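A short worksheet on the structure shown next.
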Amino acid sequence: MPKKSSGSEFDFAIPVDGNQVTARKAGDISDLELCVSPQKVSAKIALRHMAKAINLALKLDYIETELDGIYHASRVKDGTVHIKHADYFGLGDGLMASFGKAAKSFSLTLKGPDPASPEGKKWIKEHGGGAIGGILNLVGRKLNLLQEFEDKVPIYVEQLLDRLEAKKVVTDWNRDEWEISTTTIGLDVILEPAEDTP
């Protein structure tokens, strides 16, 4: 229930049921209406709006998606939006970071099948890990005998942005204006304006 603090012009909320009240819940922030069309606003603004909206969505108490818990944050870098994978978050950029990500990828493979995906994490939690299972799964994925999580990520990102548009967090979302891919090492998602976008 809302209370007014004495001698202050600010309202604050006290949870009566024991649940945490976040700033978004208290303020009901959903209708930001950030334009993410690089054809309607400049590419620079569209990228900034896209990163801001995705950061908002990745908070677990806002919009539940297949990306929750797997991706940590998004940022604008070199004319693209990078959505950072939680397992590789904080390793930075550059040559040494690439070595670090490769080493992290190898160590994750030894934990079990597809450990960087939600399905893999769940399977390892239920059945236990194993280096042999992880290596066999990796070979199967690289030979396209098994579907990789990164193959599904662009669809998950599209669904996320569809939900954000339905919530009026973003406007003018058009899949044809964006290219969505994942990095080879690290599984970061990269969104960039399509080549024919001015």
Side-chain angles (χ1 to χ4, degrees), residues 2 10-11 13 19-94 97 101 114 116-119 121 147-198:
F10 296 102
D11 289 335
N19 292 330
Q20 183 181 11
V21 175
T22 65
R24 279 196 311 283
K25 286 180 179 176
D28 193 25
I29 299 173
S30 60
D31 54 349
L32 299 176
E33 297 186 348
L34 301 169
C35 180
V36 294
S37 170
Q39 294 190 4
K40 293 194 173 182
V41 295
S42 70
K44 183 177 180 180
I45 292 174
L47 288 163
R48 191 170 64 222
H49 285 176
M50 183 72 78
K52 187 182 293 184
I54 291 171
N55 274 328
L56 177 64
L58 289 177
K59 303 304 179 191
L60 296 177
D61 59 343
Y62 189 64
I63 295 179
E64 293 182 7
T65 73
E66 295 291 340
L67 304 175
D68 287 350
I70 301 298
Y71 288 92
H72 211 63
S74 65
R75 66 175 180 160
V76 178
K77 179 181 178 251
D78 298 330
T80 61
V81 173
H82 283 234
I83 308 176
K84 308 297 285 181
H85 195 286
D87 287 328
Y88 301 90
F89 189 75
L91 291 178
D93 303 309
K101 289 178 182 179
D114 204 9
S117 72
E119 298 90 353
K121 287 182 186 300
Q147 188 176 35
E148 294 185 80
F149 172 65
E150 54 261 42
D151 294 336
K152 298 182 275 185
V153 166
I155 295 168
Y156 293 152
V157 173
E158 288 178 44
Q159 292 172 346
L160 168 65
L161 287 160
D162 288 340
R163 293 179 192 182
L164 287 172
E165 188 167 45
K167 282 269 197 185
K168 296 184 179 179
V169 174
V170 301
T171 62
D172 304 304
W173 155 242
N174 183 344
R175 174 66 178 92
D176 296 333
E177 294 180 1
W178 293 89
E179 293 179 7
I180 306 172
S181 59
T182 55
T183 56
T184 306
I185 299 174
L187 290 183
D188 290 350
V189 182
I190 298 176
L191 290 94
E192 55 187 329
E195 289 183 3
D196 57 349
T197 302

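The first residue in the sequence is number 1, and the count goes up from there. This is a predicted model, so every value here is computed, not measured.
Here the CZ atom belonging to R175 is positioned 10.5 Å from the CG atom belonging to D162, to the nearest 0.5 angstrom. With rounding to the nearest 0.5 Å, the separation of CD1 in I70 from CG in L67 is 8.5 Å. Taking CG of L34 as the reference point, atom CD1 of I45 lies at 11.0 Å (rounded to 0.5 Å). Distance check: R75 CZ to T80 OG1 gives 8.5 Å after rounding to the nearest 0.5 Å. In this structure, CD on E177 lies 8.0 Å from NZ on K40, to the nearest 0.5 angstrom. Rounded to the nearest 0.5 angstrom, E192 CD and E179 CD are separated by 5.0 Å.
Side-chain atoms of W178 come within 3.5 Å of backbone N or O of V36 as a donor-acceptor pair. Of the possible donor and acceptor atoms, one in the side chain of H49 sits under 3.5 Å from a partner among the backbone N and O of C35. A donor-acceptor pair under 3.5 Å links the side-chain atoms of E165 to the main chain of D172, judged by distance alone. Distance alone, capped at 3.5 Å, is enough to place a donor-acceptor pair between the D188 side chain and the H85 backbone.
Residues A57 and D68 approach most closely at O-OD1, 3.9 Å, considering heavy atoms. Residue S74 comes nearest to V81 through the heavy atom pair CB-CG1, 4.1 Å, listed as atom of the first residue, atom of the second, then distance. L47 and V76 get closest at one heavy-atom pair: O-CG2, 3.5 Å. The two residues A53 and V170 make their nearest non-hydrogen contact at CB-CG1, 3.4 Å. The shortest non-hydrogen separation linking D176 to A194 is O-CB, 3.6 Å. Across all their heavy atoms, P193 and A43 have their closest contact at CG-CB, 4.3 Å.
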